Structure formats: structure tokens, C-alpha cells
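By convention in this document, chain letters (A, B, ...) are assigned in the order of the sequence lines, proteins followed by strands, and residues within each chain are numbered from 1. Note that the structure is predicted; figures quoted are calculated from it, not measured.
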Amino acid sequence: MKSPDSVTTNNAANSIVNKNGEANAGATASVPSNFIRHIIEQDLQTGKHNGRVQTRFPPEPNGYLHIGHAKSICLNFGVAKAYNGFCNLRFDDTNPEKESQEFINAIKADIEWLGFHWSGEIRYASAYFDALYEFALQLVRAGKAYVCSLSPEQAREYRGTLTAPGTPSPYRNRSAEENVDLFTRMAAGEFADGVHSLRAKIDMASPNINMRDPVIYRIRHIHHHQTGDKWPIYPMYDYAHCISDAMECITHSLCTLEFEDHRPLYDWILQNLDITTLHSASDSKDGVESYVLPRQIEFARLNINYTVMSKRKLKELVVQGYVNRWDDPRMPTLSGLRRRGFTPASIRNFCDRVGITRSEGVVDLGMLEHSIRDDLDRSAPRAMCVLSPLKVILTNYPENSVELLELSCHPKEEAMGKRELPFARELFIDASDFEEIPPPQYKRLTVGTEVRLRGAYVIRCDQVIKDADGKPVELLCSYDPATLGLNPQGRKVQGVIHWVPAQQAIDVEVRIYDRLFNKENPDDKSGSDYKKCLNTESLVTLTGCKAEPSLRKALPEASFQFEREGYFCVDRYDSTPEKMVFNRTVTLRDSWAKISS
RNA sequence: UGGGGUGUCGCCAAGUUGGUAAGGCACAAGGUUUUGAUCCUUGCAUGCGUUGGUUCGAGUCCAGCCACCCCAGCCA
């Protein structure tokens with residue numbers, strides 16, 4: 001794969017922010033600047049890469065993508081787009097033991113769903129195994145890498161500690177010939193796992209442990225999901241990643257902070273390889289003289305309170321059955337958020353709002369909730385659904401009579417049209433909208449008071465019928481025929497509640513989701529007891545909910561605002577026309593909850 | 001105790017060569033409202049981890065100190 005045409009420095013520079021700090025129309029609009037964009041703009045100005053910007057998103061296919069990955073995706077794809085550059089999708093598949101095609105498929109789907117398009121074909125580090133092997137041979141011949149026959153345990157001892165320097169491996173001075181022979185035979189599958197490794201010969205006394213002759217190839221007789229059984233040896237991340245970047249002519253290699261200590265190694269590998277060979281193995285269309293090595297830049301990973309973000313822990317939640325799957329709506333995975341009802345735009349906006357820095361913080365879950373409310377308030381049609389039905393009988397409404405009311409689908413967007421809703425003598429309202437003994441400032445229904453039924457009439461409660469336990473089971477009310485679309489004369493009705501017609505409502509299941517953990521920082525101490533603060537009420541399934549009939553034609557994944565309740569979406573897997581299932585994405589902001597508590 | 005980082009409002013985050021602290025979330029108070037929603041208005045850091053120094057002037061420069069994060073996988 002050759003890289004796309006480069007653009008001129010001027011074009012790229014023009015799309016930046018102008019002198020007044022206003023973003024020009026186009027890709028950079030509304031995306032806040034950050035230190036990485038500053039670096040890129042500087043490079044564009046100095047013509048470092050001839051005006052070219054090439055990034056990559058390099059997931060390892062060993063799990064599903066989560067919202068932390070979304071931050072990286074938005075950064076890498078966003079920055080490429082902003083400067084007329086390109087972003088590759090490359091699977092960093094150098095450890096087949098933990099990887100699978102299932103994860104590859106899921107990752108691709110998530111990125112597309114988020115709304116990003118990678119440049120050209122999908123890349124695989126494993127597609128570079130031949131080249132990687134040749135480069136390793138080059139290092140070996142140059143005396144810059146050697147085959148070490150220390151066991152993993154021994155190697156650890158020789159490595160030293162954080163404060164004590166390491167000691168050179170007894171195999172460190174094997175001749176180039178012997179190393180070539182051994183390494184070749186490693187690749188030929190002559191040795192068992194772990195008996196040898198290929199190590200870069202750098203500095204066992206380096207204060208940076210990554211530079212103490214890091215292993216760059218290990219023996220693993222294992223099937224690879226892409227290369228099959230071709231290789232019994234696999235390159236390590238530090239060795240494969242920088243070369244893969246160089247081969248794809250990546251200009252800015254963006255990664256998270258924990259790789260900062262690896263940057264000297266990233267640079268060492270590339271600088272100790274023959275630039276001409278590197279260039280000719282690369283995508284570069286230009287001459288070697290304009291071939292510039294990629295620069296690794298680190299930024300802080302995303303943390304959100306009341307959730308965990310490590311793949312290891314997410315995997316554990318799935319495997320041990322604390323959630324249903326990787327796409328459980330409670331998971332911070334992209335597929336989970338999708339199923340919960342989050343939109344791609346809301347996640348992109350969230351990532352933009354959070355920003356890119358080098359300081360690690362914890363973003364408030366409220367910020368994510370705000371992003372989805374912000375999007376859905378504009379885009380989600382309104383509907384009514386009673387979660388906890390309480391029957392209302394309008395004693396003065398004619399029996400067997402039904403009138404068809406017309407309600408707008410959105411209070412502000414006329415273009416979203418209208419829907420019909422039958423009104424009749426028997427209705428359902430939500431049990432929480434009636435109180436026999438109302439708390440202070442209660443604006444809903446009580447005996448003897450009036451309330452507006454949204455989009456319909458004002459009703460007054462005359463009598464409450466209770467069961468043996470004293471629980472209200474039915475309300476006898478009367479409606480004011482003069483209040484359809486009109487305010488009553490001489491009195492003010494301040495409460496408005498939602499309702500559905502009893503006969504025509506459809507029975508639906510509603511899944512009420514809440515945060516997965518009830519502790520702000522679940523992996524606070526010891527790191528392993530994060531499962532102890534799992535929220536036992538993160539999923540409450542409500543059956544027998546009554547939804548307005550217009551919802552019957554809602555398609556999977558469609559989002560609605562159930563008025564006064566929150567945003568809900570049709571579950572993409574479990575909902576059927578016969579038995580609809582809605583997931584609660586997020587509640588509405590609720591100032592009443594603050595007042596009443 | 002080695003190395004690498006980070007510290008600006010409760011949270012996130014701007015702050016280009018030192019010139020007198022953006023914005024968002026949250027919160028609070030008003031206004032509009034047939035969603036206690038949305039929307040609108042207003043308020044919200046004499047202060048930039050801390051202590052000194054340089055300077056007419058420092059979040060921005062210098063020095064010391066403190067706190068927190070990452071690194072000892074043949075994981076990424």
C-alpha cells in the first residue's frame with residue numbers, strides 16, 4: 001500500500017486557526033486546539049514532512065474498544081482530517097496468544113460506527129513480519145542485536161532493579177555469525193518456546209529499564225490469526241511498532257503516557273536501522289532524502305469516574321459474567337455505549353470537550369451524560385411511556401369513546417412532525433405522579449387537585465381506590481372538556497404529567513441502567529477488589545410498562561425521549577415487534593430530585 | 001533511594017515571545033415553558049502545588065521543596 005498524495009504545506013497551514021483565534025470553516029472548526037496540534041502546526045510551518053500529516057490508530061485485537069480508545073480515535077483521525085492528512089487503521093497483532101478475528105471484526109465495526117474512515121486498506125503489523133525479520137537480521141549482522149539464551153527468570157535477574165543497574169547477559173558477546181545462525185534457526189522453528197530470545201544490544205546499565213537490552217523477538221509456537229503457522233517467532237511491541245510506523249510513513253505517532261519511557265527505544269531501533277532499507281520497505285513515494293522518521297508523542301489516557309477502563313478488567317467482567325457481554329449497555333465499550341443508546345456524535349463531542357493533555361485526570365461521568373443529553377434533546381422524537389402504571393378512570397368521559405389527539409414529535413423541531421395518540425376514559429399515569437400526602441412543592445396529582453395531562457386535558461382527582469395494603473390501585477378523576485389546548489379560566493394548573501390510553505397502550509419491557517460501580521474510583525486501592533463495588537442495581541428490568549402506540553413502529557436502535565423520564569432506545573438485539581425492549585440511555589436532568597431530597 | 005512525567009475553580013481545560021486568569025461540566029439564583037426537560041440571563045479562581053528569587057510587572061523565567069502518576073512481561 002502506498003500512502004496517499006501529500007498536500008502542500010500552505011494548504012495545510014491555511015486550515016489552522018486564524019490570528020483572531022477563530023477556527024476557519026472546515027475540519028478544524030469547533031475542535032479545540034491542543035499541544036499535539038501545536039506540534040503538528042509547527043512541523044507544517046517548518047516543512048518537516050513536506051506538509052504531510054499521517055497518523056494511525058493501532059489497536060491490539062485482544063478485546064473490544066472502549067471510550068478511552070474513542071479518545072485516541074478522535075485524536076488520530078481528527079488531527080489527520082484537520083490537516084488534510086490521513087489516518088491508517090493498523091492492528092498491532094504481534095501477540096497471537098491473546099488476539100482473535102472476533103476482536104478484529106468488532107473493532108472495525110466500532111470505528112466505522114463512530115464515523116471515521118481509515119486510509120486505504122486495513123494494515124496489520126503481522127503483514128510486516130517478513131520485513132521485520134529482515135530488519136532484525138540487519139541488526140544482528142551489525143552487532144546491534146544478539147540471541148540470548150537466558151531463561152525469562154534469569155533474564156529478569158540480570159535486568160537489575162529500578163535502582164540497581166543490570167548485568168550483561170553471558171550471551172551478549174556472541175559473534176554476529178553465531179547470532180545469525182541462531183536467529184535463523186529460531187525462525188525455522190528449531191527451538192522450543194523460551195529457550196532463546198533476540199535482544200537489542202543497548203545498555204544494561206541504563207537508568208531506563210527499557211534500554212537494558214530489551215527482547216525484540218520471542219519464540220512462540222502458536223497459530224496466528226492472520227499468518228497461520230508460518231512463524232514460530234513473534235516480534236515484541238517496542239520493536240514492531242516503530243518499524244511499522246516508519247513503513248507506513250507515519251509522521252506523528254500518538255500514544256498514551258505509559259509509553260513515554262519507551263520513546264528512547266522507539267528512536268533507537270529506527271536510528272540503528274539502515275535508512276535506505278527502511279525507506280524502500282516503506283510506503284514512501286518520495287526519495288530517501290525526504291524520508292523523515294516518525295515522532296512518538298504521548299498524551300494522557302482517558303479516565304472516567306464510576307467505571308473502569310482497563311481491557312483486563314473489562315474482559316474479566318465479561319468472562320466472569322458480571323455483565324452479559326462486551327456490548328452490555330453498562331460497559332464503557334463502544335459497542336456497550338451504542339447499545340445503551342449513545343450516538344457517535346455524542347461520543348465525538350465528549351472527546352472534544354475532554355481535550356488532549358499530558359496531565360492525567362478523571363473526567364466526571366456527568367460530562368458524558370451531558371454529551372448524550374445534548375445530542376438527543378435535539379434529535380430524539382418525544383413519546384410517552386408509563387414505567388410504573390397506575391390506572392386512571394375519567395368518570396365524566398363518555399364510555400366507548402375515543403378521540404385521536406395530535407401531538408408534536410418535538411417541542412422545537414416542527415420538521416419532526418406529529419404523531420397521533422388516542423384519548424379515552426381509561427388511562428395510565430405513573431404511580432409516582434400521584435401522592436395522597438404530597439411533599440412540599442409537589443406539582444403533580446393529589447386528591448382534589450388538578451394536573452395537566454401532557455398534550456391533552458386537565459384532570460382532577462376525585463377519589464383514590466386502594467388495595468388491602470393501602471396502595472393506590474386506581475384513581476377516579478374527572479376531566480375538564482374545555483382544556484384541550486387551552487388553559488382553564490381563572491385558575492392555574494402548574495403540574496404536567498405524562499400518560500397513555502389504557503386500551504391502546506402497548507406493553508413493553510424497559511431496562512433501567514445505572515452506573516456499573518457505586519464507587520467513584522473502583523480500582524482505588526489494591527487494584528483487585530474493584531468488583532466489590534459493583535452496583536447491584538446497575539440493571540433493573542421493568543416489565544409491563546405501557547408505551548404509547550406510535551412507538552410500535554420504532555426500529556431497533558431508534559432513540560426517543562420518554563417525556564419526563566429520560567432518553568431510551570430500542571434494544572438492537574432483544575427487541576421484537578411482538579415484545580419491544582427499551583434501554584434507558586440516561587435520565588433527564590431532574591431538579592425535582594434535588595428539591596425533594 | 002534510579003529514570004521518566006504531571007500539578008490553573010468541585011471536575012475537564014485554554015493560557016504561542018512575561019503585561020495583569022478563556023471555555024465546558026457541575027453548582028446557585030432569576031426568566032420562559034402543556035416535559036420540575038430544553039432554552040435564556042446572571043453568579044461562580046486578587047488566584048495558577050509550595051517557598052523564595054529575577055523583573056516596573058510572572059500562571060508564564062530561575063532555584064529549592066511538596067504531592068501524585070508511570071517503569072523491573074520473552075504483554076501492548
Side-chain angles (χ1 to χ4, degrees), chain A residues 21 32-34 38 41-42 58-60 62 92 94-95 97-98 148 150-152 155-157 159-166 193-199 206-212 214-220 233-234 236-238 240-241 255-264 298 300 305 311-312 352-371 373-374 377-378 382 384 407 410-412 441-444 452-456 458 483 485-487 493-498 561-566 587-596:
Chain A
S33 193
N34 57 55
H38 287 319
E41 282 160 23
Q42 224 165 60
E60 184 191 9
N62 66 346
D92 218 336
T94 56
N95 185 12
E97 202 173 339
K98 296 179 175 171
C148 178
L150 250 25
S151 70
R156 195 191 323 125
E157 282 160 22
R159 189 154 37 235
T161 68
L162 293 178
T163 50
D193 290 7
V195 321
H196 300 298
S197 66
L198 186 71
R199 297 230 250 162
S206 172
N208 180 347
I209 292 183
N210 295 300
M211 298 299 269
R212 319 239 262 231
V215 170
I216 59 177
Y217 262 99
R218 76 288 218 178
I219 301 173
R220 279 290 112 91
I233 58 171
Y234 292 97
M236 297 288 289
Y237 165 85
D238 285 309
H241 201 87
C255 64
T256 42
L257 250 27
E258 68 270 24
F259 291 102
E260 194 156 14
D261 291 338
H262 296 240
R263 192 171 63 225
E298 311 85 14
N305 55 19
K311 256 197 233 177
R312 197 206 101 223
D352 288 343
R353 274 186 249 254
V354 162
I356 301 291
T357 65
R358 288 174 62 82
S359 71
E360 343 173 28
V362 182
V363 175
D364 196 297
L365 221 209
M367 195 94 89
L368 218 209
E369 294 183 339
H370 172 262
S371 295
R373 286 194 187 106
D374 192 41
D377 174 58
R378 276 181 302 246
R382 312 284 123 125
M384 292 195 282
L407 278 72
H410 194 283
K412 290 177 183 167
Q441 299 180 67
Y442 192 72
K443 299 203 302 195
R444 286 111 96 152
R452 155 81 60 185
L453 292 180
R454 170 115 247 235
V458 168
T483 55
L486 295 169
N487 282 321
V493 175
Q494 47 174 357
V496 180
I497 65 173
H498 56 105
Q561 183 196 102
F562 287 171
E563 295 200 59
R564 303 209 313 129
E565 290 288 356
T587 60
L588 252 27
R589 274 186 69 213
D590 187 1
S591 53
W592 168 244
K594 286 166 199 156
I595 297 168
S596 61

Across every strand shown, the nucleotide meeting Watson-Crick or G-U wobble geometry with B:C39 (both distances under 3.5 Å) is B:G31
Q) Can you list the steps and then say if A:Asp238 with A:Arg263 is a salt bridge (Lys or Arg N to Asp or Glu O under 4.0 Å)? A) CA-CA 9 Å; A:Asp238 285 309; A:Arg263 192 171 63 225; over 6 Å; no
Re B:C11: Watson-Crick or G-U wobble partner, both distances kept under 3.5 Å, found to be B:G24
Closest non-hydrogen contact found for A:Ser206 with A:Met211 is OG-CB, 3.5 Å
Checking N1-N3 plus N6-O4 or O6-N4 for Watson-Crick, or N1-O2 and O6-N3 for wobble, each under 3.5 Å, the partner of B:C75 is none
- Item | Distance test, side-chain N/O of A:His370 to OP1/OP2 of B:C25, below 4.0 Å | yes
- Message: Looking at B:U1, I'd like to know if its phosphate oxygens (OP1 or OP2) sit under 4.0 Å from a side-chain N or O belonging to A:Thr163.
- Response: no
Its contact letters, B for base, S for sugar-phosphate only and - for none at protein heavy atoms under 4.0 Å, make nucleotides 30-45 of chain B read ----BBBSBS------
Assigned chi class of B:G5 under the 90° convention is anti
In terms of heavy-atom contacts, A:Arg452 and A:Val493 come closest through N-CG1, 3.6 Å
**Message:** Are the side chains of A:Gln441 and A:Trp592 in contact, using a 4.5 Å heavy-atom criterion?
**Reply:** yes
Please tell me if A:Arg358 has a side-chain N or O lying less than 4.0 Å from either OP1 or OP2 of B:U6. yes
Does A:Leu407 reach the side chain of A:Met384, with side-chain heavy atoms less than 4.5 Å apart? yes
pair_partner(B:U60), Watson-Crick or wobble, both distances < 3.5 Å, evaluates to none
Quiz prompt | Inter-nucleotide C1' distance (B:G73, B:U6), Å rounded | solution = 26 Å
For B:C68, the nucleotide meeting Watson-Crick or G-U wobble distances (both under 3.5 Å) is B:G5
Hits for side chain to side chain donor-acceptor pair (under 3.5 Å) against A:Asn95, two or more places apart or cross-chain, chain-then-number order -> none
* Asked: With rounding to whole Å, what would you report as the distance between B:G53 and B:U60 at their C1' atoms?
  -> 15 Å
Exam field: side chain A:Arg358 to backbone A:Glu298, donor-acceptor pair closer than 3.5 Å
yes
- Query: Is A:Val215 close to A:Leu198 at the side-chain level, that is, under 4.5 Å between some pair of heavy atoms?
  - Reply: no
5' to 3', nucleotides 69-76 of chain B under a 4.0 Å protein heavy-atom cut-off (B base, S sugar-phosphate only, - none) gives BBBBSBSB
Rounded to the nearest 0.5 angstrom, the NE2-NE2 distance for A:His262 and A:His241 is 11.5 Å
